[in-house]
Amino acid sequence: MKKIIWFISVFLIPVIAYTQEKGALGVEFNASHNQYSMDEFNESVDNVNSSSSLILISNEFSEITSGMGYGLSINLQLSDCFNVGVYGDYLLGKSENEFMYISGGEFGTPIDTSYWTRHFEVNSLILGLKSSFFISKSAFWKKYDWLSNVESTIDVGIGYSFSSSILYNIIRDKDKVKGTGKEINKVNGFHLKSQFKIGYIISKNTHFSSIGLKIGYQYLQTSQLKGGEFSYFFTKENAPRLNFSGLTAGIYLTFGK
């Protein structure tokens with residue numbers, strides 16, 4: 001973390017400031033809510049949970065169907081209507097199930113009840129290249145004065161993901177924790193995304209900022225998670241893939257071009 005802060009303060013901020021003076025560089029921050037196509041993953045988790053001797057406390061299994069996403073991109077303006085850049089996205093999804101395990105009672109032994117929490121987290125760090133086309137810079141858009149402070153953009157990007165599934169296993173006796181376990185299962189995949197953005201331009205100088213809404217679709221299906229001897233939870237037969245594909249919608253904030 002210290003190295004990242006040092007890099008941003010010593011190298012990245014001066015570069016951004018210089019290129020913004022030239023009117024060439026822009027930085028965008030965004031946050032979104034995403035739909036995920038995790039049917040294969042959810043089914044595998046549910047099958048393992050159902051086959052165990054644990055008793056599900058709730059009526060049905062909690063599954064991962066959506067999650068948050070956070071992104072940063074740095075864009076280089078090549079022309080009035082077109083830019084290219086690099087982006088980094090972080091996707092996250094979670095599920096949690098509560099179980100009860102009853103042991104004892106044989107041959108007069110005392111009955112012991114313990115409570116299990118199985119918490120799954122799926123995440124993906126994505127690095128890639130992107131390009132943007134500004135609809136609001138077209139001749140058609142400029143015909144209307146009331147659209148002068150409105151920007152409209154189409155973004156496309158391609159990247160590579162570093163994804164993982166994390167299992168947290170917590171065993172407790174009432175309020176006392178008896179044991180914990182953690183398993184990290186790492187995979188990779190290719191990321192494709194396209195989105196439409198519309199926003200309001202706050203200032204039109206070289207340091208202008210804009211804020212707006214975005215909606216789009218992303219595709220990201222990873223390789224198969226490791227099973228068998230590499231995984232406590234999944235076997236080779238039921239190890240699934242992670243699928244972060246789905247619709248996305250959120251907000252963005254830009255500084256510079």
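Given the structure is predicted, the values throughout are model-derived calculations rather than measurements. Residues: numbered from 1 along the sequence shown.
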So do the side chains of M100 and T113 get within less than 4.5 Å of each other, counting heavy atoms only? yes
Applying a strict under-4.5 Å side-chain criterion to I, L, V, M, F, W and Y, I'd like to know whether I55 and I57 cluster together. yes
K214 and E28 ion-paired at < 4.0 Å: no
Using a 3.5 Å distance criterion without hydrogens, assess whether the side chain of N97 forms a donor-acceptor pair with backbone atoms of S62. yes
Taking a hydrophobic cluster as the set of Ile, Leu, Val, Met, Phe, Trp and Tyr residues connected by side-chain heavy atoms closer than 4.5 Å, whether directly or through intermediates, do V86 and Y70 fall within one such cluster? no
V45 vs R118, side chain to side chain contact (heavy atoms under 4.5 Å, CB included): CA-CA, chis, key distance, verdict: CA-CA 10 Å; V45 172; R118 280 182 174 170; over 6 Å; no
For Y160 and F190, take the angle between the two ring planes, folded into 0 to 90°, and tell me which bin it lands in: parallel under 30, tilted 30 to 60, perpendicular over 60. perpendicular
Kindly say whether G181 contributes a backbone atom to a donor-acceptor pair with the side chain of Y232 at under 3.5 angstrom? no
Check: W141 side chain, F134 main-chain N or O, donor-acceptor pair, under 3.5 Å: no
If we count only N and O atoms by modelled type, under 3.5 Å, do the side chains of S124 and S163 hold a donor and an acceptor together? yes
Could you walk me through whether D89 and H191 pass the side chain to side chain contact (heavy atoms under 4.5 Å, CB included) test, one step at a time? CA-CA 10 Å; D89 286 345; H191 181 244; 4.0 Å; yes
Are a donor atom and an acceptor atom from the side chains of S210 and T254 found within less than 3.5 Å of each other? yes
Working note: I215 + T248, criterion side chain to side chain contact (heavy atoms under 4.5 Å, CB included); need CA distance, chi angles, decisive distance, verdict. CA-CA 6 Å; I215 185 170; T248 70; over 6 Å; no
Would you find a donor on one side and an acceptor on the other, under 3.5 Å apart, between the side chain of S66 and the backbone of Q35? no
Partners passing salt bridge (Lys or Arg N to Asp or Glu O under 4.0 Å) against K130 (at least two apart in sequence or in another chain): D155
Can the positive tip of K94 be found less than 6.0 Å from the middle of the six-membered ring of Y168, inside 45° of the ring normal? no
I want to check something: taking the side chain as every heavy atom from C-beta on, are L125 and L91 in contact at a cut-off of under 4.5 Å? no
One should read off an interatomic distance between T117 OG1 and N169 CG, to the nearest 0.5 angstrom, of 8.5 Å
S50 side-chain N/O to N47 backbone N/O, donor-acceptor pair under 3.5 Å: no
The reported gap from CD in E60 to CD in E63 (rounded to nearest 0.5 angstrom) is 8.0 Å
Measure from the side-chain N and O atoms of K182 to the backbone N and O of L167, and report whether any donor-acceptor pair falls under 3.5 Å. no
Is it the case that more than 12 heavy atoms not belonging to K186 sit under 6.0 Å from its NZ atom? no
Can any side-chain N or O of N83 pair as donor or acceptor with the backbone N or O of L78 at less than 3.5 Å? no
Here the gap from N49 atom CG to L54 atom CG, rounded to the nearest 0.5 Å, amounts to 7.5 Å
Could you grab the distance from atom OG of S114 to atom NZ of K176, nearest 0.5 Å is fine? 13.5 Å
Suppose we screen for ring-ring contact (aromatic ring centres under 6.0 Å, His included). Which residues come up paired with Y217, at least two apart in sequence or across chains? none
Flag, side chain of S32 to backbone of N34, donor-acceptor distance under 3.5 Å: no
I184 and S164 have their tightest heavy-atom pair at CG2-CB, 4.3 Å
List the atom pairs, donor and acceptor, that lie under 3.5 Å between side-chain atoms in residues 234-244 and the rest of the protein, sequence neighbours left out.
| unit_1 | atom_1 | unit_2 | atom_2 | d |
| --- | --- | --- | --- | --- |
| T235 | OG1 | E237 | N | 3.4 |
| T235 | OG1 | E237 | OE1 | 3.4 |
| T235 | OG1 | N238 | N | 3.3 |
| T235 | OG1 | N238 | OD1 | 3.0 |
| N238 | OD1 | T235 | N | 2.7 |
| R241 | NE | E40 | OE1 | 3.3 |
| R241 | NH2 | E40 | OE1 | 3.1 |
| N243 | OD1 | S245 | N | 3.0 |
| N243 | OD1 | S245 | OG | 2.7 |
| N243 | ND2 | Q221 | OE1 | 3.1 |

Let me confirm one number: the OH-CD1 distance from Y90 to I126, rounded to the nearest 0.5 Å. 11.0 Å
Would you confirm whether N188, through its side chain, and S161, through its main-chain N or O, come within 3.5 Å as a donor-acceptor pair? yes
F196 and I135, any side-chain heavy atoms less than 4.5 Å apart: yes
For residues I158 and F162: do they belong to one hydrophobic cluster (side chain heavy atoms under 4.5 Å, members Ile, Leu, Val, Met, Phe, Trp, Tyr)? no
Does the pair E183 and S231 meet the rule for a side chain to side chain donor-acceptor pair (under 3.5 Å), with working shown? CA-CA 8 Å; E183 178 180 295; S231 172; 2.7 Å; yes
Ring centroid separation for F120 and F233, is it under 6.0 angstrom? yes
Transitive ILVMFWY side-chain link F133 to I198, under 4.5 Å: yes
Gap between atom OH of Y252 and atom CG of N30 - 0.5 Å precision: 10.5 Å
I'd like to know whether CD of E43 has more than 12 heavy-atom contacts from other residues, nucleotides or ligands below 6.0 angstrom. no
Given the rule that I, L, V, M, F, W and Y join up when any side-chain heavy atoms are under 4.5 Å apart, are Y101 and V177 in one cluster? no
Might you point out which heavy atoms bring T153 and S132 nearest each other, and give the distance in Å? CG2-CB, 3.7 Å
Less than 4.5 Å apart, any side-chain heavy atom of F41 and any of I64? yes
Taking atom types as modelled, find out whether N75 and Q77 have a side-chain donor-acceptor pair closer than 3.5 angstrom. no
Mark yes or no for whether H119, through its side chain, and S95, through its backbone, hold a donor-acceptor pair below 3.5 Å. yes
Is there side-chain contact between V84 and L129, with heavy atoms separated by less than 4.5 Å? no
